[in-house]
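Convention: sequence-line order gives letters A, B, ...; per-chain numbering from 1.
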Amino acid sequence: MLRSHTCGQLRKSEIGQTVELSGWVYRRRDHGGVIFIDLRDRYGVTQIKFDVNHGSSEEIMKNADQLRSEWVINVKGKVAARPEEMINAKLGTGEIEIEAAELKILNKSKALPFELEEEKESQANEQLRLKYRFLDLRREKLQTIMKKRDEVIVAIREYFHERNFIDIQTPILANSSPEGARDYLVPSRLYPGKFYALPQAPQQFKQLLMVGGFDRYFQVAPCFRDEDPRADRHPGDFYQIDFEMSFASQEDVWAVTEPLMIQLTEKFTDKKIVAKPFPRITFQDALAKYGSDKPDLRFEMPIKPITALIKSDCGFSVFASAVKDGGVVHALKVDGGNVFTRSIIDELTELAKTKDAKGLAYIQMRPEGPASPINKFLGDELMNKIINEVGAKTGDIIFFGADKFRTVCAALGAVRSKCGELLGLKDPKKISFAWIIDFPMYSMSEIEPGKVDFEHNPFSMPSGGLEALEKEQPLNIKANQYDMACNGYEILSGAIRNHDPKIMYKAFAIAGYTKEEVDRKFGAMISAFEFGAPPHGGAAIGFDRLLMILTDCDSIRDIYAFPKDGAGRDVMMDSPSEVSPRQLKELHIKMEEK
RNA sequence: GGAGUGGUAGUUCAGUUGGUUAGAACGCUUCCCUGUCACGGAAGAGGUCGCGGGUUCGAGUCCCGUCCACUCCGCCA
């Protein structure tokens, strides 16, 4: 070893010992006759002193004078106490320093394309940092995140192992699944024209593990989806904490999940959990009240239906016609929202429009009385009724959505989230978990009117089983399916699965699939279910998003060692890249001439 | 595929109604300095103002096009 200790290790107790350290030159303070080097590794920083009066030869002084940022050096010397008034309280090693007696330069470094010190400037452009990710990783922030990522994974593994779950790796080369996101395809060399697909999730494999008798499975599962990225969505590959349980009800899955989330929060953050046990909100209520199936519940700010008030008599044609066409009118009262300027209201209006709202009506609760551009249409009486209904007081603002139910929810949900942000209600010291339950099994197709589609996951067990499928209106059937929302992110999704071939065929039939189609697409799983599949269910935790919240990162790229950029490329390794004609030929791929 | 914001020194940014030689901080180079810790001091190097075109006596600044980045929408069973 080129070191006897790490750069974060030495304390007063080692004073007098001769030690050997290796690391990177972090900072250099050259005083002529004495040179200080802050030597850094991932454990910390130790001050090295080069001083002719304290063990450093003329030659070492000459070499120390050459040292530059990020050179890799090896130093031998004696641990010495710092004079009382020279102690650096900011460093764990701040009470000591090394009096260098030997110096070896292990490697030099070019001047860096950006600075590593956190407190200096705002950080460099992300594209540049990604190109030199190996340097960015030296920064304290990323060192801390990677360490925490490791600790969280260890804690999760321990948690599941303590409860009899076993970690099983499922294939990376798998089959294209006809539902869901775009697949990453891998051409087969031995079977011309055929392809593997990288799994979007280990869904079918974990269900087959249940059939295989592994009644409690979990995995830190790599998942692959070829979709455009977002700040909270890494392009290409990402990780889920995937788990599945046999003989389990929804309550059983929740009972495993909830303590895990609490433990991780308490162990890795100082955030306060808003509500324990976690609230359970139906999908319908979440949409109506918060305008989202992943509401940020660090603040309440509920949306209220006022359709009933509008029904009787309303002079505002936007509201009246929405109700007449079977839509709804909802109101969002924002406490203290009268501080919003015209330009902020314009911005919120644009936001609502991105969710297909046609506009964003509002009433400002000014000190001199309510003011609204739509007052002249509403009339004072109706306006006062609305103000009364939502409980608005001076200083508030009320926003309105009038349209189809889903449109109103989405628009006011986006406005609610933005208002929470603008008013500083998204407290980083708080964390809100909530179960979103009772997802509908089906919804009306948006492409083919009159046709029924799966709302979410076709493999979920419908509530009420076969009987419900046969007797209920499809749109009224709920699925045994649940998400967990956390601070506005969907952080977990799961279900009690449909393990009964009969119910499965029926469920697919309602969505317009013939038995032959189902057999062709999900044959392996369905035929396995004919051999004594146990009832089972589970969930998958979005590990990356969870880690973003635990580490207070806004960008999902910060929590990967080697992230893709916003266009799905690795700018450091330059992937994706071209391959040789020979490789293409082996894979039976002909490139079109450009 | 669409929208918004941005692109000026190695990095982060400023740059006025269009007007001399495009600035600052940090970094870098050389020198000075024996107690600093974001050390200090002196001097210096470093720019195709993303790219192309246009308007103008004159463009970093105005106009058109284009490329790139980030964020959002679509998309994500």
Side-chain angles (χ1 to χ4, degrees), chain A residues 26-40 45-54 56 61 65 68-70 80 82-91 93-94 97 99 109-132 135 177-183 200-201 203-204 223-236 238 347 350-356 410 414 417-418 439 441 443 446 453-460 479 481 490 493 495 508 511 521-522 540 542 554-555 557 565-567 569 571:
Chain A
Y26 194 37
R27 277 180 289 247
R28 177 177 65 110
R29 292 177 294 279
D30 184 348
H31 291 255
V34 61
I35 298 171
F36 296 102
I37 296 288
D38 285 345
L39 194 65
R40 186 200 74 238
V45 169
T46 298
Q47 177 164 281
I48 312 295
K49 185 177 67 169
F50 296 89
D51 185 343
V52 268
N53 298 325
H54 290 90
S56 305
M61 292 305 289
D65 194 48
R68 291 295 180 273
S69 272
E70 298 304 306
R82 295 198 194 189
E84 191 71 31
E85 63 278 17
M86 300 303 163
I87 287 171
N88 185 345
K90 278 187 271 180
L91 292 181
T93 60
E97 61 193 354
E99 294 176 340
S109 172
K110 295 204 281 192
L112 265 43
F114 54 90
E115 290 173 64
L116 301 185
E117 290 179 56
E118 301 290 334
E119 63 267 28
K120 279 255 164 85
E121 309 285 316
S122 46
Q123 61 190 6
N125 171 281
E126 189 176 40
Q127 195 74 4
L128 185 72
R129 288 187 292 120
L130 287 176
K131 184 174 178 188
Y132 295 94
L135 295 179
S177 68
E179 307 278 333
R182 211 174 284 118
D183 282 316
Q200 297 179 22
Q203 179 73 35
Q204 296 193 52
C223 303
F224 306 89
R225 291 178 195 173
D226 186 6
E227 296 294 345
D228 287 352
R230 290 289 183 274
D232 65 346
R233 205 162 77 199
H234 188 243
F238 64 100
E347 196 185 315
E350 286 309 307
L351 181 66
K353 282 181 179 169
T354 68
K355 302 290 180 182
D356 280 341
S417 173
K418 188 69 187 178
F439 278 79
M441 188 78 196
S443 62
E446 282 175 19
D453 270 345
F454 289 111
E455 164 78 18
H456 226 70
N457 185 333
F459 302 115
S460 302
Q481 190 185 323
E490 175 196 316
S493 189
F508 273 97
K521 287 173 174 170
F522 313 107
D554 294 328
S555 168
R557 291 183 284 276
D565 78 352
R569 287 168 310 185
V571 287

*Asks:* Classify the nucleic acid contact of Q47(A) as base, sugar-phosphate or nothing, counting any heavy atom under 4.0 Å across all strands shown.
*Replies:*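 Base contact - Q47(A) has a heavy atom under 4.0 Å of at least one base atom.
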*Asks:* Please evaluate the base of G27(B) for a donor-acceptor partner in the side chain of E117(A) within a cut-off of under 3.5 Å?
*Replies:*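 Such a pair does not exist between side chain and base.
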*Asks:* Parallel, tilted or perpendicular: which one describes the rings of F508(A) and F522(A), with boundaries at 30° and 60°?
*Replies:*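 Geometry flag for F522(A) against F508(A): tilted rings.
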*Asks:* Starting from the C-alpha separation in whole Å, work towards a yes-or-no answer on side chain to side chain donor-acceptor pair (under 3.5 Å) for Q47(A) and R29(A).
*Replies:* CA-CA 10 Å; Q47(A) 177 164 281; R29(A) 292 177 294 279; 3.0 Å; yes
*Asks:* Got a donor-acceptor pair under 3.5 Å from the side chain of D228(A) to the base of C76(B)?
*Replies:*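 Side chain to base: no pair present.
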*Asks:* Please state the P separation for the pair C73(B) and G58(B) - nearest whole angstrom.
*Replies:* 46 Å
*Asks:* Assign E126(A) to base, sugar-phosphate, or nothing according to its heavy-atom contacts below 4.0 angstrom with the strands shown.
*Replies:*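 The residue E126(A) makes sugar-phosphate contact but no base contact.
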*Asks:* Taking the side chain of E115(A) as heavy atoms from C-beta outward, which of U12(B), U36(B), C26(B) is closest to it?
*Replies:*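 Closest of the options to the side chain of E115(A): C26(B).
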*Asks:* Counting any heavy atom closer than 4.0 Å, what does Q481(A) reach on the DNA or RNA strands: base, sugar-phosphate only, or nothing?
*Replies:*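 Nothing, no heavy atom under 4.0 Å.
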*Asks:* Please tell me which of the listed nucleotides, A69(B), C39(B), G74(B), lies nearest to the side chain of R233(A)?
*Replies:*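 Shortest atom-to-atom distance from the side chain points to G74(B).
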*Asks:* Under 4.0 Å, counting only non-hydrogen atoms across every strand here, what does N125(A) touch: a base, just sugar-phosphate, or nothing?
*Replies:* sugar-phosphate
*Asks:* Taking F36(A)'s backbone N and O only, do any of them form a donor-acceptor pair with R28(A)'s side chain (distance below 3.5 Å, no angle check)?
*Replies:* no
*Asks:* Can you tell me the Watson-Crick or wobble partner of G4(B), both distances under 3.5 angstrom?
*Replies:* C70(B)
*Asks:* Please tell me which of the listed nucleotides, C37(B), C75(B), G35(B), lies nearest to the side chain of N88(A)?
*Replies:* C37(B)
*Asks:* Ignoring hydrogens and angles, does a donor from either the side chain of R82(A) or the base of C37(B) sit under 3.5 Å from an acceptor on the other?
*Replies:* yes
*Asks:* Among the candidates U30(B), G74(B), C70(B), find the nucleotide nearest to the side-chain atoms of R68(A).
*Replies:* U30(B)
*Asks:* How is R557(A) classified with respect to the nucleic acid when contacts are heavy atoms under 4.0 Å: base, sugar-phosphate, or nothing?
*Replies:* sugar-phosphate
*Asks:* Checking all strands, does K49(A) fall into the base, sugar-phosphate, or nothing category for heavy-atom contacts under 4.0 angstrom?
*Replies:* base
*Asks:* I'd like to know if the side chain of S56(A) and the backbone of D51(A) have a donor-acceptor N/O pair within less than 3.5 Å.
*Replies:*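 Present.
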